[in-house]
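In what follows, residues are counted from 1 in the order of the sequence shown.
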Amino acid sequence: MKKLIVTLLCAITMALPTFAQNTFNSKADNIIGEYLTDRGGSKSKVRVTKAADGTYTAQLFWVENPNDANGKKRKDVKNPDKNLRNTDIDKVVIIKGLKYIKEDKQWGDTKIYDPSRGFRVNVTAEFVSADKLKLRGTVFGVGTTIYWQKIK
């Protein structure tokens with residue numbers, strides 16, 4: 001009997017992360033919120049909102065070091081769109097048009113913008129826990145995975 005109970009407890013414990021992951025990936029609007037990111041020691045905060053067309057937008061609203069060496073607000077100088085190069089670094093839109101893909105229980109079908117490098121790559125996103133969003137950026141099948149910590 002003890003062995004059966006231990007086996008059941010182990011099975012339940014191992015199933016909980018999968019259950020939680022499926023729960024948080026099962027509703028499109030679960031992605032809405034605020035996240036803390038840490039990319040190579042450079043911290044920032046991102047706000048994900050729902051656009052009028054039903055897609056999602058992610059915009060920086062805080063960066064750890066917003067000013068340059070002269071004390072002036074850093075700008076998005078590497079943006080391939082020259083019209084956006086004067087945008088304050090803490091106001092940059094990094095994802096636009098993110099769609100929820102119901103059958104895959106994840107978000108994607110758009111690109112994520114990296115202002116530190118000035119380029120866009122394909123992106124998919126899915127929760128690995130209630131407060132941890134996994135984002136995978138790829139170009140030609142090669143990519144990087146980052147995690148955003150949900151704070152609100």
Side-chain angles (χ1 to χ4, degrees), residues 13-152:
T13 302
M14 293 186 72
L16 283 176
T18 303
F19 172 76
Q21 183 178 352
N22 287 337
T23 300
F24 297 106
N25 291 318
S26 65
K27 293 183 182 170
D29 285 354
N30 285 347
I31 200 165
I32 295 171
E34 294 179 358
Y35 298 83
L36 176 65
T37 71
D38 188 346
R39 183 129 190 225
S42 179
K43 294 180 182 170
S44 58
K45 292 181 182 177
V46 178
R47 182 175 292 119
V48 177
T49 57
K50 190 171 188 175
D53 65 0
T55 64
Y56 300 89
T57 301
Q59 182 175 9
L60 295 172
F61 70 92
W62 175 86
V63 294
E64 189 171 37
N65 298 306
N67 299 329
D68 64 18
N70 298 318
K72 293 184 179 182
K73 184 78 84 159
R74 288 188 299 132
K75 304 291 182 184
D76 186 17
V77 295
K78 295 181 181 177
N79 198 310
D81 182 341
K82 292 179 183 179
N83 296 323
L84 298 175
R85 290 185 180 169
N86 201 35
T87 303
D88 290 345
I89 200 66
D90 59 357
K91 292 180 177 38
V92 174
V93 173
I94 59 173
I95 301 175
K96 195 174 186 179
L98 186 66
K99 297 176 183 171
Y100 180 66
I101 305 160
K102 188 175 184 176
E103 52 276 359
D104 295 336
K105 293 191 180 198
Q106 69 178 14
W107 295 261
D109 201 23
T110 194
K111 297 187 181 291
I112 187 169
Y113 171 63
D114 179 353
S116 66
R117 297 181 190 162
F119 61 81
R120 290 175 173 76
V121 298
N122 297 324
V123 67
T124 58
E126 65 182 323
F127 284 97
V128 294
S129 69
D131 60 352
K132 194 173 198 178
L133 185 66
K134 173 182 154 186
L135 292 100
R136 177 90 179 142
T138 58
V139 175
F140 303 117
V142 178
T144 303
T145 300
I146 59 172
Y147 295 91
W148 291 358
Q149 189 70 39
K150 195 166 192 177
I151 53 176
K152 192 173 181 184

Please test I112 against V121 for side chain to side chain contact (heavy atoms under 4.5 Å, CB included), starting from the C-alpha separation and ending with a verdict.
CA-CA 6 Å; I112 187 169; V121 298; 3.6 Å; yes
Audit row: N122, K111, side chain to side chain contact (heavy atoms under 4.5 Å, CB included) steps and yes/no:
CA-CA 4 Å; N122 297 324; K111 297 187 181 291; 2.8 Å; yes
Which is it for D29 and Y56 under the side-chain hydrogen bond (donor to acceptor under 3.5 Å, both in side chains) test, yes or no, and what are the steps along the way?
CA-CA 9 Å; D29 285 354; Y56 300 89; 2.4 Å; yes
Could you give me the CA-CA distance, side-chain angles and deciding distance for T110 and I95, then say whether side chain to side chain contact (heavy atoms under 4.5 Å, CB included) is met?
CA-CA 8 Å; T110 194; I95 301 175; 3.8 Å; yes
Residue pair T37, I146: steps toward the side chain to side chain contact (heavy atoms under 4.5 Å, CB included) verdict
CA-CA 8 Å; T37 71; I146 59 172; over 6 Å; no
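Scanning all heavy atoms of the two residues, the minimum distance from P80 to R120 falls at CG-NH1, 3.4 Å. Between E126 and K105, the closest heavy-atom pair is CB-O, 4.4 Å. Heavy atoms only, all atoms of each residue included: F24 and S129 are closest at CD1-C, 4.1 Å. Across all their heavy atoms, A58 and W148 have their closest contact at CB-CH2, 4.1 Å. Listed here is the closest heavy atom pair of L135 and V123: CD2-CG2, 4.1 Å. Annotation for V93 and K96: closest pair CG1-CB, 4.3 Å, computed over non-hydrogen atoms.
Atom NZ in K152 sits 7.0 Å away from atom CZ in R47 (nearest 0.5 Å). Here the CG-NZ distance, from L36 to K43, works out to 6.5 Å after rounding to the nearest 0.5 Å. Rounding to the nearest 0.5 Å gives a distance of 15.0 Å between OG1 of T124 and NZ of K99. We find the CG-CG distance between L98 and D109 to be 9.0 Å, quoted to the nearest 0.5 Å. A distance of 10.5 Å separates OH of Y113 from CD1 of I94, quoted to the nearest 0.5 Å. Annotation: the span from D88 atom CG to K72 atom NZ amounts to 12.5 Å, rounded to 0.5 Å.
Judged purely by atom type and a 3.5 angstrom limit, Q149 uses its side chain to pair as donor or acceptor with the backbone of D131. One N or O on the side chain of N79 and one on the backbone of D81 form a donor-acceptor pair closer than 3.5 Å.
Residues meeting the side chain to side chain contact (heavy atoms under 4.5 Å, CB included) test with V63, sequence neighbours left out: S44, L60, P66, R74, I89, D90. Residues passing the side chain to side chain contact (heavy atoms under 4.5 Å, CB included) test with N30, sequence neighbours excluded: K27, F127.
For residues 57-71, there are no side-chain hydrogen bond (donor to acceptor under 3.5 Å, both in side chains) pairs, not counting sequence neighbours.
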